[in-house]
2 protein chains.
Amino acid sequence: MSMVKMGDPVMANQNVPQATAERLPLYYRTLQRLVAIGKTRISSSEFGGIVQIDSTTIRKDFSYFGALGRKGYGYDTQHLMEFLKKILYQDELSKVILIGVGHLGTALLNHNFQKNNNTKIVKAYDVDPLKIGTEISGTSVHSMDELETDDNREITAAILTVPAAHAQKAADLAIASGIHGFLNFSPTRLVLPQDAYVRHVDMTVELQALIYFLNHAMEERKS
Amino acid sequence: MSMVKMGDPVMANQNVPQATAERLPLYYRTLQRLVAIGKTRISSSEFGGIVQIDSTTIRKDFSYFGALGRKGYGYDTQHLMEFLKKILYQDELSKVILIGVGHLGTALLNHNFQKNNNTKIVKAYDVDPLKIGTEISGTSVHSMDELETDDNREITAAILTVPAAHAQKAADLAIASGIHGFLNFSPTRLVLPQDAYVRHVDMTVELQALIYFLNHAMEERKS
DNA sequence: GCATTTTTGTTAATTATTTCACAATGTTAA
DNA sequence: TTAACATTGTGAAATAATTAACAAAAATGC
């Protein structure tokens with residue numbers, strides 16, 4: 001009845017729940033792997049086994065984008081992968097910048113998300129004169145001052161890997177240069193305009209949460 | 001009525017929702033900061049402003065552990081911080097190991113969670129002969145072979161920063177040596193015994209989710 | 001070609017989480 | 001001391017997310 005109109009998949013997402021949206025990248029990468037090893041079809045339950053998510057949840061997640069599978073058959077991995085690629089905007093290159101070339105920043109520059117993703121760190125910024133002018137894995141490091149004057153309206157997001165004390169200041173500069181999205185690796189809670197969006201990656205929080213669950217939740221697990 | 005019995009705070013957690021538990025580390029760190037700058041009291045709404053979480057959610061979160069605040073006054077930052085410290089087991093040192101001394105592993109070793117947290121990376125493992133025997137920020141790097149024979153029953157968790165292809169193998173070794181908790185930075189979904197617990201930190205997923213939200217969710221934000 | 005099996009897509013039920021609303025109670029200031 | 005104020009803690013309501021259940025339909029095997 002309430003069949004979502006397909007065609008341009010990017011349009012088909014009025015009411016995708018946040019929880020669903022956050023699983024899409026995992027689905028996408030898993031499908032890339034499956035396609036790479038030559039698997040052409042997969043059922044929701046086999047797929048669920050791989051990503052460790054209940055098969056019903058997976059079918060429901062996909063259903064927000066229309067009917068992507070075939071009854072009695074499952075999903076065509078190639079087709080599904082390409083569909084998700086469009087949904088995730090991974091069919092066009094997303095340019096991002098990195099602010100803060102410390103150990104973590106360097107790690108991200110070396111990784112650079114390129115292997116399977118249409119995402120590229122195109123420029124890095126730091127305050128350290130020893131780093132400015134160098135190049136790490138093909139990305140050149142520039143002075144933070146340049147951030148102030150650069151026009152970054154074509155840049156999708158900034159990865160913030162500066163010390164906590166400088167995160168807000170760096171974010172302000174990035175906002176001023178035209179950036180709206182942030183992947184914030186510092187523990188600081190940024191204060192940003194309404195049209196900006198931040199995701200946090202907080203390793204200390206994750207480690208503490210892990211320790212908490214090990215000590216508490218685990219004790220009372222059914223068998 | 002259903003007042004939680006206090007005293008030993010660690011006992012007071014029959015039914016702490018997962019969502020609440022995952023916020024506790026953020027609360028804890030924020031309180032550390034507030035105490036450090038000399039703030040002695042805070043209301044749930046001021047606190048909520050800082051951590052960017054609705055004040056009702058904060059009060060409800062705290063309420064699972066009993067009555068921690070005072071009506072008409074708010075919360076005593078020092079007291080609350082110490083309470084959370086106990087809850088989070090941060091009053092005793094948690095020893096963790098790190099497996100995989102690449103760029104990211106090195107970044108984590110340098111950070112080492114020590115600044116405000118009672119958590120320490122006590123040993124690192126890698127397969128690279130050039131790294132084995134070295135020391136990074138006071139943590140010595142050992143051969144992966146040792147992991148097989150080490151007794152790590154005293155170790156709380158392992159941080160997995162190995163390439164995806166080796167993550168499962170490394171986790172198996174860690175399990176065999178007595179470890180139950182994992183902070184997995186590789187995209188691999190680990191297959192582990194029931195009494196083990198994993199948390200994922202997946203930067204590629206986070207970046208893709210960010211890009212997704214920027215392109216979709218953002219468009220239809222109320223004003 | 002037909003019966004059996006598989007598996008989707010979806011509605012309904014359940015569970016989890018957040019938010020509302022406000023009584024209860026301590027705090028503050030005069 | 002007392003009135004005005006601030007703020008918690010919490011039931012109840014609203015939202016969001018997951019899981020169950022199953023009809024519909026396609027695939028498979030004979």
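We name chains A, B, ... by the order of the sequence lines, and we start the count at 1 in each one.
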Practice task
Could you check how far CD1 of B/Ile42 sits from C1' of D/dT8, rounded to whole Å?
Solution key: 15 Å
Practice task
Taking the side chain as every heavy atom from C-beta outward, state whether B/His103 and A/His103 have any pair of such atoms under 4.5 Å apart.
Solution key: no
Practice task
Please work out if B/Ser44 contacts a base, only the sugar-phosphate, or nothing of the nucleic acid, heavy-atom cut-off 4.0 Å.
Solution key: sugar-phosphate
Handout entry: Nucleotide D/dT10, atom C1' - distance to CZ of B/Phe65 in whole Å
Key = 16 Å
Exercise for the section: Not counting sequence neighbours, which residues clear side chain to side chain donor-acceptor pair (under 3.5 Å) with B/Lys39? List them please. Expected result: B/Glu46
Problem - Nearest-Å distance for atom pair CZ/C1', residues B/Arg70 and C/dT28 - result: 12 Å
Exercise for the section: Indicate, with a heavy-atom threshold strictly under 4.0 Å, whether A/Phe62 touches base, sugar-phosphate, or nothing. Expected result: nothing
Problem - Sidechain N-carboxylate O distance under 4.0 Å for A/Lys86, A/Glu92 - result: no
Exercise for the section: Tell me which of B/Gly72 and A/Gly72 sits closer to the 5' end of DNA chain C, going by the nucleotide each one is nearest to. Expected result: A/Gly72
Handout entry: For DNA chain C, the residues among residues 52-60 of chain B that have a non-hydrogen atom under 4.0 Å from it
Key = B/Asp54, B/Thr56, B/Thr57, B/Arg59, B/Lys60
Exercise for the section: Return no unless some side-chain N or O of A/Arg41 is found under 4.0 Å from OP1 or OP2 of D/dA26. Expected result: no
Exercise for the section: Show your reasoning for whether side-chain contact (heavy atoms from CB on, under 4.5 Å) applies to B/Asn184 and B/Thr161. Expected result: CA-CA 7 Å; B/Asn184 182 15; B/Thr161 45; over 6 Å; no
Practice task
In sequence, state the C-alpha distance, the side-chain angles, and the governing distance for A/His216 and B/Tyr89, and then conclude on side-chain contact (heavy atoms from CB on, under 4.5 Å).
Solution key: CA-CA 10 Å; A/His216 296 87; B/Tyr89 270 69; 3.5 Å; yes
Exercise for the section: Take the C1' atoms of the five end pairs on each side of the helix from C/dG1-D/dC30 to C/dA30-D/dT1, get both axes, and report the angle to 10 degrees. Expected result: 30°
Exercise for the section: List the steps and the verdict of side-chain contact (heavy atoms from CB on, under 4.5 Å) for B/Leu108 and B/Leu98. Expected result: CA-CA 9 Å; B/Leu108 294 172; B/Leu98 182 136; 3.8 Å; yes
Practice task
Starting from P on C/dG9, measure out to CZ on A/Phe47 and report it in whole angstrom.
Solution key: 14 Å
Problem - Between P of D/dT8 and CG of B/Asp76, the distance in whole Å - result: 13 Å
Handout entry: Value in whole Å for how far the P atom of D/dA26 lies from OH of A/Tyr75
Key = 15 Å
Practice task
Measure the distance from CG on B/Leu80 to P on D/dT8 and round it to the nearest whole Å.
Solution key: 11 Å
Exercise for the section: Would you indicate whether A/Arg23, at its atom CZ, is surrounded by more than 12 heavy atoms from other residues, nucleotides or ligands within a distance under 6.0 Å? Expected result: yes
Practice task
Let me see the working for A/Thr30 and A/Leu26 under side-chain contact (heavy atoms from CB on, under 4.5 Å), right down to the final yes or no.
Solution key: CA-CA 6 Å; A/Thr30 305; A/Leu26 172 61; 3.8 Å; yes
Exercise for the section: Taking the six-membered ring for Trp and the single ring otherwise, decide whether the centroids of A/His200 and A/Phe182 are under 6.0 Å apart. Expected result: no
Handout entry: Atom-to-atom span, CG of A/Leu68 to P of C/dT7 - whole angstrom
Key = 17 Å
Exercise for the section: Would you mind telling me which residue lines up with the more 5' stretch of DNA chain D, B/Lys71 or A/Lys71, judged by nearest nucleotide? Expected result: B/Lys71
Exercise for the section: Please tell me which of A/Tyr73 and B/Ser43 maps to the more 5' nucleotide of DNA chain D, matching each residue to the nucleotide holding its nearest heavy atom. Expected result: B/Ser43
